Enquirer: 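Before I ask anything, let me first share the structure, which is written out below as structure tokens.
We're numbering straight along the sequence, starting at 1. Everything numeric here is computed off the predicted structure, so don't read it as measured data.
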Amino acid sequence: MTRQTTSARTTSARTTPAAPRGSAFLRTAIALQTLTLLFQAVTAGMLLNSSHGYLMHDVGSKVMYAAAVLYLLATILAWRPGGGSPRPVLYATGFLLLASAQVALGVAHVPSFHVPLGVVMFALSTLTLVRSLSPRSPLHPAARTP
């Protein structure tokens, strides 16, 4: 093997980025968050015609909030080792603030803001999930074109 061949292999290994560590955990956290928001939408409908709807929606709100915290933790763990862009951490922090507002509006029984905010949160979480599964997402840098 010549020195030139070895040098070319080393260079190509350096230019091809590896999959970011923690990306599976991050995608799992996003999926869990999206599923808990869907569960909240279902149990909100159950509030109208079931006596168990309130309890399920109340428990679901706590799980949804925990999922938002887990999503923030996952973004920090995915960002920190590689030193990449902190943008996903800022998005997750914003989402946690929305979740906090959602809980406060639910406790205060303000459905005129609580329901639309829930729809917005579900849409944002779904978009984030789809983006994380896309081969062109920041979670898959090897698929990017220069």
Side-chain angles (χ1 to χ4, degrees), residues 6 8-146:
T6 306
R9 285 184 184 167
T10 306
T11 304
S12 68
R14 270 189 259 138
T15 57
T16 306
R21 294 180 357 183
S23 63
F25 178 53
L26 184 58
R27 282 193 292 277
T28 302
I30 295 168
L32 177 66
Q33 175 179 277
T34 305
L35 286 173
T36 59
L37 287 163
L38 178 62
F39 179 79
Q40 284 302 93
V42 170
T43 58
M46 290 174 58
L47 281 169
L48 301 174
N49 51 350
S50 172
S51 60
H52 300 298
Y54 175 79
L55 178 63
M56 292 179 71
H57 195 70
D58 184 51
V59 170
S61 69
K62 291 166 180 58
V63 175
M64 182 277 303
Y65 195 81
V69 171
L70 182 68
Y71 172 49
L72 176 60
L73 177 65
T75 59
I76 291 170
L77 292 176
W79 164 68
R80 205 60 184 138
S85 172
R87 187 172 291 179
V89 176
L90 295 174
Y91 291 157
T93 302
F95 199 89
L96 185 60
L97 291 173
L98 288 177
S100 299
Q102 181 71 344
V103 169
L105 290 168
V107 168
H109 300 287
V110 185
S112 57
F113 290 109
H114 181 75
V115 173
L117 181 57
V119 172
V120 167
M121 289 174 62
F122 179 69
L124 289 173
S125 190
T126 302
L127 288 172
T128 304
L129 178 62
V130 168
R131 187 169 181 232
S132 75
L133 298 174
S134 166
R136 295 188 56 87
S137 91
L139 295 177
H140 301 95
R144 286 185 173 230
T145 56

Enquirer: Looking at side-chain heavy atoms only, is the closest gap between Leu77 and Phe25 below 4.5 Å?
Expert: yes

Enquirer: Under the salt bridge (Lys or Arg N to Asp or Glu O under 4.0 Å) rule, what pairs show up with a residue in residues 92-115, not counting sequence neighbours?
Expert: none

Enquirer: Rounded to the nearest 0.5 Å, how far apart are CD1 of Ile30 and CZ of Phe95?
Expert: 10.5 Å

Enquirer: Could you give the distance from CG (Leu129) to CG (Leu32), rounded to the nearest 0.5 Å?
Expert: 11.0 Å

Enquirer: Output all residues satisfying side chain to side chain donor-acceptor pair (under 3.5 Å) with Thr43, sequence neighbours left out; order by chain, then residue number.
Expert: His57

Enquirer: Tell me, please, which residues at least two apart from Leu38 pass side chain to side chain contact (heavy atoms under 4.5 Å, CB included).
Expert: Phe122

Enquirer: So, taking the atom named OG1 in Thr93 and the one named CG in Leu72, what distance separates them when rounded to the nearest 0.5 Å?
Expert: 4.5 Å

Enquirer: For residues 96-105, which side-chain N or O atoms pair as donor and acceptor with protein atoms under 3.5 Å away, sequence neighbours left out?
Expert:
unit_1	atom_1	unit_2	atom_2	d
Ser100	OG	Tyr65	OH	3.0
Ser100	OG	Leu96	O	3.0
Gln102	NE2	His114	O	2.9

Enquirer: Under the salt bridge (Lys or Arg N to Asp or Glu O under 4.0 Å) rule, what pairs show up with a residue in residues 106-129, not counting sequence neighbours?
Expert: none

Enquirer: Counting only N and O atoms by type, is there a donor-acceptor contact under 3.5 Å from the side chain of Thr28 to the main-chain atoms of Ala24?
Expert: yes

Enquirer: If you compare all heavy atoms of Pro111 against all heavy atoms of Pro116, which two are closest, and at what distance to 0.1 Å?
Expert: O-CD, 3.7 Å

Enquirer: In Å and rounded to the nearest 0.5 Å, what is the CE to OG distance from Met56 to Ser61?
Expert: 12.5 Å

Enquirer: Considering only residues two or more places apart or on different chains, which pairs with a residue in residues 35-58 satisfy salt bridge (Lys or Arg N to Asp or Glu O under 4.0 Å)?
Expert: Asp58-Lys62

Enquirer: Can you pull the side chain to side chain donor-acceptor pair (under 3.5 Å) pairs that have at least one residue in residues 119-130, sequence neighbours excluded?
Expert: Gln33-Ser125, Thr34-Ser125

Enquirer: Taking the side chain as every heavy atom from C-beta outward, state whether Met64 and Met121 have any pair of such atoms under 4.5 Å apart.
Expert: yes

